[in-house]
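Please read these numbers as outputs of a predicted model, since none were measured by experiment.
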Amino acid sequence: LGNINIDRFSLLISKLKAKKVMWTFDWMFYNNRDKWFIPQARLMDLLVTTDSIVDWSKYGINQVCIRQGCDKSLHKRVCEDKEYLNDVVFVGNMYQEERKKYLQKIAQYYNLKVYGTIKMSGVPQGRAVFNDELCKVYSSCKIALGDKFPGVNEGYWSNRVYLALGCGAFFITPYIKGLENEFENGKHLVWFNDINEAINLIDYYLYHPKERKAIANAGYDLVHKKYSYKNRVDKLLWNIRKLQTTPSVKTGSPSRGFR
C-alpha cells in the first residue's frame with residue numbers, strides 16, 4: 001500500500017455504508033500480511049483472490065476465488081517473428097533460487113531463452129516483454145514453460161498459464177493441485193511432477209509437432225472461450241450482485257453463498 005496510513009485507511013473504510021469489495025492477486029508475496037492484509041480484508045463484504053490456498057472463513061472473511069485470465073484483445077496468436085524463434089521460452093523474473101536451478105537445468109539440454117528483468121548465468125536472456133511483444137514471443141516458440149511458487153503445491157498458479165495459452169503457445173508446467181479443475185492434461189496443456197519428467201516431455205513434444213500444435217490449439221480455444229477477463233469480470237459482478245441481498249459480513253462470521 002505504499003505510503004498509505006493503514007490506520008487511517010481502515011477508519012475510512014469502516015465508515016463507508018456501501019458494500020466493500022477487495023480484489024487482490026499474488027497476496028502471498030506481501031510482507032507482514034498477517035499484520036495489515038488480513039485486518040483490511042476483514043473490513044470487506046467480499047474478498048476476491050486469485051487463489052484457493054487459504055480457508056478465509058476462519059478469519060471471518062467472505063472470500064471467493066476468481067482466477068486471472070487473458071485479455072482477448074491483447075493476448076492472441078500472431079504470425080511467427082524470426083526475432084523470437086526459440087525452441088523453449090520462459091517469461092518471468094528470477095526472484096527465487098529454485099526457479100534459477102530449474103531453468104539452468106533445462107538450458108543444459110535445450111535451446112531455452114528467458115525473457116525477464118534479472119540476469120542469471122548459463123541461460124540466454126532477453127528483456128521483459130509485454131502485450132504485443134509478449135504475443136510474438138509466445139506465438140513464435142515451440143514450447144513455453146511454466147513454474148510454481150516455492151512451497152505452494154495446491155490452489156495457486158500465476159497468470160502465465162492464461163497468457164501463454166491465450167497467445168497460442170504450447171505450455172508445459174509443473175503440476176499444481178487444482179489445475180485439473182480448469183484444464184485437461186495432454187489436451188489443453190501438459191504438466192510434469194519433477195525435472196526429469198519435464199525434460200522427457202520437452203524432448204518428446206519438440207519432435208512431435210502435430211501433437212504439440214493440436215494441444216496448443218485446444219488450450220488457445222479453451223482460454224479464449226472460458227477464461228478471458230470478460231468471463232472473470234462476469235463472475236465478479238455476479239458475486240457483487242449477490243451482496244445486495246446478503247447482510248454485511250461481521251467479524252468472525254463464516255463465508256457462504258458465493259461461488
With the 4.5 Å side-chain cut-off for hydrophobic clustering, are [X] and [Y] part of the same group?
{"X": "Val54", "Y": "Phe149", "answer": "yes"}
{"X": "Tyr204", "Y": "Ile195", "answer": "yes"}
{"X": "Leu222", "Y": "Ile215", "answer": "no"}
{"X": "Val89", "Y": "Tyr207", "answer": "no"}
{"X": "Leu103", "Y": "Phe192", "answer": "yes"}

Answer with yes or no whether the side chains of [Y] and [X] bring together a donor and an acceptor at under 3.5 Å.
{"X": "Asn153", "Y": "Lys177", "value": "no"}
{"X": "Asp7", "Y": "Ser10", "value": "no"}
{"X": "Thr117", "Y": "Asn93", "value": "yes"}
{"X": "Tyr162", "Y": "Glu182", "value": "yes"}
{"X": "Asn217", "Y": "Arg77", "value": "yes"}

Quick one: closest heavy-atom pair of [X] and [Y], and the distance?
{"X": "Cys141", "Y": "Ala169", "answer": "SG-CB, 4.4 Å"}
{"X": "Ile176", "Y": "Glu180", "answer": "O-OE1, 4.1 Å"}
{"X": "Phe171", "Y": "Ala164", "answer": "CD1-CB, 3.5 Å"}
{"X": "Ser14", "Y": "Leu43", "answer": "CB-CD2, 4.4 Å"}

How far does [atom1] of [X] sit from [atom2] of [Y], to the nearest 0.5 angstrom?
{"X": "Tyr229", "Y": "Leu236", "atom1": "OH", "atom2": "CG", "answer": "12.0 Å"}
{"X": "Ile172", "Y": "Ile143", "atom1": "CD1", "atom2": "CD1", "answer": "4.5 Å"}
{"X": "Lys242", "Y": "Leu237", "atom1": "NZ", "atom2": "CG", "answer": "15.5 Å"}
{"X": "Gln63", "Y": "Met44", "atom1": "CD", "atom2": "CE", "answer": "14.0 Å"}
{"X": "Arg42", "Y": "Ile61", "atom1": "CZ", "atom2": "CD1", "answer": "6.5 Å"}
{"X": "Lys20", "Y": "Leu47", "atom1": "NZ", "atom2": "CG", "answer": "13.5 Å"}

Legend entry - Residue from Thr50, Thr49, Asp26 passing side-chain hydrogen bond (donor to acceptor under 3.5 Å, both in side chains) with Tyr156: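 Checked Thr50, Thr49, Asp26 against Tyr156; only one passes side-chain hydrogen bond (donor to acceptor under 3.5 Å, both in side chains): Asp26.
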Sub-4.5 Å side-chain heavy-atom contact between [X] and [Y]:
{"X": "Met22", "Y": "Gln40", "result": "yes"}
{"X": "Asp45", "Y": "Asn62", "result": "no"}
{"X": "Val190", "Y": "Asn185", "result": "yes"}
{"X": "Val48", "Y": "Asn239", "result": "no"}
{"X": "Lys76", "Y": "Ser139", "result": "no"}

Inset, instruction - Please answer whether the main-chain N or O of Lys72 pairs with a side-chain N or O of Ser228 as donor and acceptor at a distance below 3.5 Å. - result: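 Judged by distance alone, no pair lies under 3.5 Å.
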Legend entry - Residues forming a salt bridge (Lys or Arg N to Asp or Glu O under 4.0 Å) with Arg160, sequence neighbours excluded: none
Inset, instruction - For side chain to side chain contact (heavy atoms under 4.5 Å, CB included), just list the numbers for Tyr138 and Val91, CA-CA rounded to whole Å, side-chain angles, deciding distance to a tenth of an Å, and then say yes or no. - result: CA-CA 9 Å; Tyr138 279 140; Val91 179; 3.5 Å; yes
Legend entry - Thr173/Val161 under side chain to side chain contact (heavy atoms under 4.5 Å, CB included): CA gap, chis, key distance, verdict: CA-CA 8 Å; Thr173 188; Val161 58; 5.8 Å; no
Legend entry - Residue list, ring pair (Phe, Tyr, Trp, His ring centres under 6.0 Å) with Tyr205, at least two apart or on another chain: Phe170
Inset, instruction - Please list, chain by chain and in numerical order, all residues satisfying ring pair (Phe, Tyr, Trp, His ring centres under 6.0 Å) with Tyr220, sequence neighbours excluded. - result: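 Testing Tyr220 for ring pair (Phe, Tyr, Trp, His ring centres under 6.0 Å), a comparison that skips the adjacent residues, returns His224.
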Inset, instruction - Write out all pairs satisfying salt bridge (Lys or Arg N to Asp or Glu O under 4.0 Å) with one or both partners inside residues 84-112, taking only residues at least two apart or from two chains. - result: Asp87-Lys142, Glu97-Lys100, Arg99-Asp147
Inset, instruction - Test Phe183 against every option in Trp191, Trp157, Tyr227, Tyr175 by the ring-ring contact (aromatic ring centres under 6.0 Å, His included) rule and name the one that passes. - result: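 Testing Phe183 for a ring-ring contact (aromatic ring centres under 6.0 Å, His included) against Trp191, Trp157, Tyr227, Tyr175 leaves exactly one candidate, Tyr227.
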Inset, instruction - Under the side chain to side chain contact (heavy atoms under 4.5 Å, CB included) rule, what do Val223 and Leu163 come out as? Steps first, then yes or no, please. - result: CA-CA 9 Å; Val223 166; Leu163 301 187; over 6 Å; no
Donor-acceptor contacts, no H, no angles, side chain residues 106-115, under 3.5 Å, sequence neighbours left out:
{"from": "Tyr110", "atom 1": "OH", "to": "Ile199", "atom 2": "O", "distance (Å)": "2.9"}
{"from": "Tyr110", "atom 1": "OH", "to": "Asp203", "atom 2": "N", "distance (Å)": "3.4"}
{"from": "Tyr115", "atom 1": "OH", "to": "Asn86", "atom 2": "ND2", "distance (Å)": "3.2"}

Inset, instruction - Go through the steps for Lys19 and Ile240 under the test side chain to side chain contact (heavy atoms under 4.5 Å, CB included), then give the verdict. - result: CA-CA 9 Å; Lys19 298 289 185 177; Ile240 291 174; over 6 Å; no
Identify every side-chain donor-acceptor pair in residues 129-137 under 3.5 Å, counting partners at least two apart or on other chains, and give the distances.
{"from": "Glu133", "atom 1": "OE2", "to": "Tyr84", "atom 2": "OH", "distance (Å)": "2.8"}
{"from": "Glu133", "atom 1": "OE2", "to": "Arg127", "atom 2": "NE", "distance (Å)": "3.2"}
{"from": "Glu133", "atom 1": "OE2", "to": "Arg127", "atom 2": "NH2", "distance (Å)": "2.6"}

